Enquirer: 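Here it is, the structure, as structure tokens.
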Amino acid sequence: MRFLFVGDSMTIGRAGDFTWRYRMWQHLGAALGDGAYTITGPRTGLYDTEAAAPLSDAYADPSFPANARRHLAGWGEGWMHMAPVIADTVAAARADVLLVSLGLIDLGFYTDSGQTAQNARAFITAARTANPHVRMVLLPVIPNIRAESDAPFAAECERFNALLGQAVTDLSTPSSPLVLTGRPEGYDIHTDTYDGTHPGPSGEHRLAGAFADAMHRAWSLGGPYAPATAPAPALAPAS
């Protein structure tokens, strides 16, 4: 089973982060076992804030294997950026399961809730042209600190999440199921992020847990999320 992480700055992470991708790698290794899965994707780096580019490989755990670092995530990228490239990426990566966290950057800088929802639908359609049986787990937008003082932005986040939920209902099929996670249990932007938006270590665990628990509930895939206390088994060699 081949997993592809798709996301924005919350998913790519910055230099020095563990990232929630790392937490999910630990979970997959423990829940599925050595050799039962592969993490795939065209990118591996973290965002270097000084260079303002995704040039860093300075993960908080340097033993995080190179083939487990792969992803399709970008600082400042959203549904509008990923929809045009997802078909080619899914085809090249031969992805079976997409773990998607997008939308906040779209609503904050690029598109309103309606257009963002249209881009999400376009993303889903495009991914299926590459793999008609692809599965997707989608995280709703978690309103960040801006939403506490910007009521129209908060309303757009709420409206987009409703539209995303409707898209999941409309577009999910038995051959290509879609799952919408809930808000990560207990997630608090004041304690689980380092700036009101981007996850710190506790937030990384909560994000990984939201995806892991959604897959387990919907598809009996893996198990309930439990924070790892030791490095996960090594991945099978990429093919």
Side-chain angles (χ1 to χ4, degrees), residues 5-24 43 45-50 52-54 56 59-60 71-83 98-120 123 136-168 179-214 225:
F5 297 98
V6 185
D8 52 26
S9 56
M10 292 173 63
T11 298
I12 184 174
R14 63 175 183 173
D17 285 350
F18 286 97
T19 75
W20 73 264
R21 297 181 285 108
Y22 169 84
R23 312 298 185 178
M24 180 59 73
R43 308 173 185 175
L46 296 158
Y47 188 73
D48 184 325
T49 54
E50 292 187 3
S56 177
Y59 285 85
H71 61 80
L72 177 65
W75 201 276
E77 297 185 52
W79 289 107
M80 66 176 293
H81 304 89
M82 296 305 185
L98 309 186
L99 306 179
V100 186
S101 172
L102 290 168
L104 185 65
I105 194 74
D106 300 82
L107 299 172
F109 295 96
Y110 304 125
T111 52
D112 64 15
S113 55
Q115 183 59 59
T116 304
Q118 291 180 30
N119 290 337
F123 173 102
M136 304 182 209
V137 185
L138 312 174
L139 183 79
V141 165
I142 301 173
N144 65 354
I145 196 168
R146 173 179 167 184
E148 294 189 336
S149 59
D150 185 338
F153 176 67
E156 281 292 275
C157 292
E158 183 176 359
R159 180 169 184 265
F160 170 73
N161 283 342
L163 292 171
L164 183 63
Q166 188 61 54
V168 168
V179 173
L180 188 68
T181 79
R183 181 185 174 98
E185 185 176 355
Y187 200 94
D188 185 335
I189 62 170
H190 299 288
T191 56
D192 291 318
T193 76
Y194 60 80
D195 61 357
T197 299
H198 301 95
S202 62
E204 293 168 355
H205 280 297
R206 294 187 191 280
L207 290 173
F211 282 97
D213 291 344
Y225 183 76

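As the structure is a computational prediction, the values presented were derived from the model and not from experiment.
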Enquirer: Of all the heavy-atom pairs spanning Arg146 and Gly108, show the shortest one and how long it is.
Expert: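 Looks like NH1-O, 3.0 Å.
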Enquirer: Hey, could you give me the CD1/CG distance between Ile142 and Leu207, rounded to the nearest 0.5 Å?
Expert: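 Going from CD1 on Ile142 over to CG on Leu207, the span is 5.0 Å.
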Enquirer: State the CD1-NE2 distance between Ile12 and His71, to the nearest 0.5 angstrom.
Expert: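 Between Ile12 CD1 and His71 NE2, I get 4.5 Å after rounding to 0.5 Å.
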Enquirer: Rounded at 0.5 Å granularity, tell me how far CZ in Arg23 sits from CZ in Phe18.
Expert: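 Result: 5.0 Å between the selected atoms.
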Enquirer: Check side chain to side chain contact (heavy atoms under 4.5 Å, CB included) between Gln118 and all other residues, then give those that pass, not counting sequence neighbours.
Expert: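 Per chain and number, Gln118 pairs via side chain to side chain contact (heavy atoms under 4.5 Å, CB included) with Gln115.
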Enquirer: Once you measure the plane-to-plane angle for Tyr47 and Trp75, does it fall in the parallel (<30°), tilted (30-60°) or perpendicular (>60°) bin?
Expert: parallel
Enquirer: Can you check whether Arg21 reaches Thr11 side chain to side chain, under 4.5 Å on heavy atoms?
Expert: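 Touching, per the 4.5 Å side-chain cut-off.
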Enquirer: I need the minimum non-hydrogen distance between Gly78 and Asp106, along with the two atoms involved.
Expert: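 In this case the closest contact between Gly78 and Asp106 is CA-OD1, 3.2 Å.
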Enquirer: Taking all atoms of both residues into account, what is the closest heavy-atom pair of Ala214 and Val137, and its distance?
Expert: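 For Ala214 versus Val137, the nearest heavy atoms are CB-CG1, 4.0 Å.
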Enquirer: Search all heavy atoms of Leu107 against all heavy atoms of Phe160 and return the closest pair with its distance.
Expert: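 The answer is CD1-CB, 3.9 Å.
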Enquirer: With rounding to the nearest 0.5 Å, note down the distance linking OG in Ser56 to CG in Leu46.
Expert: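 Reported value, rounded in 0.5 Å steps: 5.0 Å.
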Enquirer: Does the side chain of His198 reach to within under 4.5 Å of the side chain of Asp17, using non-hydrogen atoms?
Expert: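 Not touching, per the 4.5 Å side-chain cut-off.
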Enquirer: Run Trp20 and Phe5 through ring-ring contact (aromatic ring centres under 6.0 Å, His included) and show every step you take.
Expert: CA-CA 10 Å; Trp20 73 264; Phe5 297 98; 5.2 Å; yes
Enquirer: Evaluate side-chain contact (heavy atoms from CB on, under 4.5 Å) for Thr197 paired with Thr193, printing each intermediate quantity in order.
Expert: CA-CA 6 Å; Thr197 299; Thr193 76; 5.8 Å; no
Enquirer: Just verifying a value: how many Å separate Tyr59 OH and Arg14 CZ, rounded to the nearest 0.5 Å?
Expert: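 The CZ atom of Arg14 is 14.0 Å from OH of Tyr59, to the nearest 0.5 Å.
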Enquirer: For Asp188 and His190, indicate whether the former's side chain and the latter's backbone hold a donor-acceptor pair under 3.5 Å.
Expert: yes
Enquirer: Which heavy-atom pair separates Ala73 from Asp8 by the least distance, and what is that distance?
Expert: CB-O, 4.1 Å
Enquirer: Ignoring hydrogens and angles, tell me if any N or O in the side chain of Glu156 forms a donor-acceptor pair with the backbone of Asp112 under 3.5 Å.
Expert: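 Not confirmed, Glu156 side chain does not pair with Asp112 backbone.
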Enquirer: Only one of Met80, Met136, His81 forms a side-chain contact (heavy atoms from CB on, under 4.5 Å) with Phe123, so which one is it?
Expert: Met136
Enquirer: Could you tell me the separation between the CG atom of Leu139 and the CZ atom of Arg183, rounded to the nearest 0.5 Å?
Expert: 9.5 Å
Enquirer: Might you work through the side-chain contact (heavy atoms from CB on, under 4.5 Å) test for Met82 and Val100, ending with a clear yes or no?
Expert: CA-CA 10 Å; Met82 296 305 185; Val100 186; over 6 Å; no
Enquirer: Just to verify, what does Ala147 make a side chain to side chain contact (heavy atoms under 4.5 Å, CB included) with, not counting sequence neighbours?
Expert: Pro143, Phe153, Ala154
Enquirer: How far apart are the closest heavy atoms of Cys157 and Val141, and which atoms are they?
Expert: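 Nearest heavy atoms, Cys157 then Val141: SG-CG1, 4.0 Å.
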Enquirer: Considering residues at least two apart in sequence or located in another chain, which fulfil the side chain to side chain contact (heavy atoms under 4.5 Å, CB included) criterion with Arg206?
Expert: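 Once residues adjacent in sequence are excluded, the partners of Arg206 under the side chain to side chain contact (heavy atoms under 4.5 Å, CB included) criterion are Pro184, Tyr187, Asp192.
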